[in-house]
Amino acid sequence: MTTVAGDLAPDGVLRASINLGNPVLAQGTAEAPGGVTVDIARELAKRLELPLELVCFDAARKSFEAMTTGQADLCFLAIDPARAAEVAFTAPYVVIEGVYAVPRDSGLTAVAEVDAPGVRIGVKQGSAYDLYLTRTLQQATVVRGAEGVDVFRDEGLEVAAGIRQPIARYVAENPDLRLIDERFMQIQQAVGTAKSKHPDTVAYLHDLIEDLKSSGFIAASLAASGQADAMVAPPA
């Protein structure tokens, strides 16, 4: 067992926290997950010659909690200052966008107009865009729920926030809504581990991600999981 393997997975099994709540990065069920995060975890375990355990959750906040409470050795989350206080991140491997949906007859047409008094934005609690909007909005109000579009519908909110691909699909299926096409944030998805890990371990993870980006592994994995419109992050 290598030094990196021993540091990263001291119990001899690499436990990777998978967020099934982000359909760009992971799909399927807890019993049979798939997607780019699962592929990265499997490739890492293969290179380190470790058995792999996939610990699946339905929300980023739960995946983050698993990482910070010692239930997982590895996580796949958006880089955010609130998380970086406890998680050591690699450079991003995928960049996705946060966008807004509004009722078709809404007067809101641009991102800059959303941050206004009386505007309520439905978000998935603990998501990257929840953290970002909570930190940056000056006048609008964030309303949290298990799913942003559900709380948007249930409470008759003015705006729903989410990841571009699933929000765009939701709008396409609901003709009473429209998309504000302009992004309100860029979400950098990265691999993370505990900040207590040795710097060599974090550096190994960083180099792995750079290798998987440059070799075409990430792009091929996204395409194979039906997410070819997701953008591979540029080299660090």
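Computed from a predicted structure; not experimentally measured.
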With hydrophobic residues grouped by side-chain heavy-atom distances under 4.5 Å, do Ile121 and Leu131 end up in a single group?
-> no
Backbone of Gly126 reached by a side-chain donor or acceptor of Arg144 within 3.5 Å | no
Thr37 (side chain) donor-acceptor with Leu25 (main chain) under 3.5 angstrom = yes
Residue that, paired with Asn22, satisfies side chain to side chain contact (heavy atoms under 4.5 Å, CB included) out of Ile163, Ile187, Val94 | Ile163
Pairs meeting criterion ring pair (Phe, Tyr, Trp, His ring centres under 6.0 Å) with involvement of residues 93-143, two or more places apart | Tyr100-Phe184
Tracing side-chain links under 4.5 Å among I, L, V, M, F, W and Y, which residues wind up in one group with Phe57?
-> Val55
Side-chain donor or acceptor of Thr90 paired with backbone N/O of Val191 under 3.5 Å | yes
Answer with yes or no whether the hydrophobic clustering places Val159 together with Val111; edges join I, L, V, M, F, W, Y residues whose side-chain heavy atoms lie under 4.5 Å apart.
-> yes
Heavy atoms of Arg104 and Pro175 approach each other most closely as NE-O, 2.9 Å
Under 3.5 Å, side chain of Asp7 to main-chain N/O of His198, donor-acceptor pair present?
-> yes
Side-chain (Lys195) to main-chain (Ala84) donor-acceptor, under 3.5 angstrom = yes
Which salt bridge (charged side-chain N to carboxylate O under 4.0 Å, His left out) pairs, counting each pair once, include a residue from residues 78-95, with sequence neighbours left out?
-> Asp80-Arg135
Inter-residue atom distance Lys62.NZ - Thr69.OG1, 0.5 Å rounding = 13.0 Å
Establish whether Leu52 and Val38 are linked, either directly or via other cluster members, by ILVMFWY side-chain heavy-atom contacts under 4.5 Å.
-> yes
First locate atom CZ of Arg120, then atom CD of Glu158, and finally report the distance between them rounded to the nearest 0.5 Å.
-> 4.0 Å
When clusters are formed by joining ILVMFWY residues with side-chain heavy atoms under 4.5 Å apart, either directly or through shared neighbours, do Leu137 and Leu108 land in the same one?
-> yes
Thr3 side chain near Tyr204 side chain, heavy-atom distance below 4.5 Å | no
Under 4.5 Å between side-chain heavy atoms, hopping through other hydrophobics if needed: is there a path connecting Leu48 to Leu205?
-> yes
Would you say Glu43's side chain and Asp39's backbone share a donor-acceptor pair under 3.5 angstrom?
-> no
List the atom of Leu20, the atom of Ala26, and the distance in Å for their closest heavy-atom pair.
-> CD2-CB, 3.9 Å
Quick one: name the residues clustered hydrophobically with Ile79, using the 4.5 Å side-chain heavy-atom rule over I, L, V, M, F, W, Y, and just say none if it's on its own.
-> Phe64, Met67, Leu77, Val87, Phe89
With distance as the sole test, does Gln189 use its side chain to make a donor-acceptor pair with the main-chain N or O of Ala78 at under 3.5 Å?
-> yes
Report the distance from atom CG of Leu8 to atom OG1 of Thr193, rounding to the nearest 0.5 Å.
-> 5.0 Å
Between Thr109 and Glu113, is any side-chain donor less than 3.5 angstrom from a side-chain acceptor?
-> yes
Does the Asp115 side chain pair with the main chain of Ala140, one donor and one acceptor, at a distance under 3.5 Å?
-> yes
Flag the pair Val24 / Val36 as yes when at least one side-chain heavy-atom distance between them is below 4.5 Å, and no otherwise.
-> no
What heavy-atom pair brings Pro92 and Ala190 nearest, and what distance separates the two atoms?
-> CA-CB, 4.0 Å
Taking Lys197 for its side chain and Val202 for its backbone only, find out whether a donor-acceptor pair lies under 3.5 Å.
-> no
Hey, could you give me the CD/OG distance between Glu210 and Ser215, rounded to the nearest 0.5 Å?
-> 11.0 Å
Counting N and O atoms only, with roles assigned by atom type, does the side chain of Arg183 sit under 3.5 Å from a partner on the main chain of Arg164, one being a donor and the other an acceptor?
-> no
Of all the heavy-atom pairs spanning Ala230 and Ile96, show the shortest one and how long it is.
-> CB-CG2, 4.5 Å
Show the numbers, then the answer: is there a side chain to side chain contact (heavy atoms under 4.5 Å, CB included) between Arg47 and Asp211?
-> CA-CA 12 Å; Arg47 294 191 185 193; Asp211 178 49; 2.8 Å; yes
For Val95 and Pro234, the nearest pair of non-hydrogen atoms, with its separation, is CG2-CD, 4.5 Å
Which atom names give the shortest non-hydrogen contact between Ala161 and Leu133, and what distance separates them?
-> CB-CD1, 4.0 Å
From CG (Leu74) to OG (Ser63), nearest 0.5 Å = 9.5 Å
Linked hydrophobic residues, Leu177 as query - side chain contacts closer than 4.5 Å = Val99, Val143, Val149, Val151, Phe152, Leu157, Ile167, Tyr170, Val171, Leu179
Salt bridge (charged side-chain N to carboxylate O under 4.0 Å, His left out) against Arg169, all qualifying residues, sequence neighbours excluded = none
For the atom pair CG (Asp73) and CG (Leu14), what is the distance rounded to the nearest 0.5 Å?
-> 5.5 Å
Carboxylate-amine/guanidinium proximity below 4.0 Å for Lys124 and Asp58 = no
Begin with the C-alpha distance, continue with both residues' side-chain angles, and end with the deciding distance and a verdict on side-chain hydrogen bond (donor to acceptor under 3.5 Å, both in side chains) for Gln227 and Ser225.
-> CA-CA 6 Å; Gln227 308 299 322; Ser225 59; 5.3 Å; no
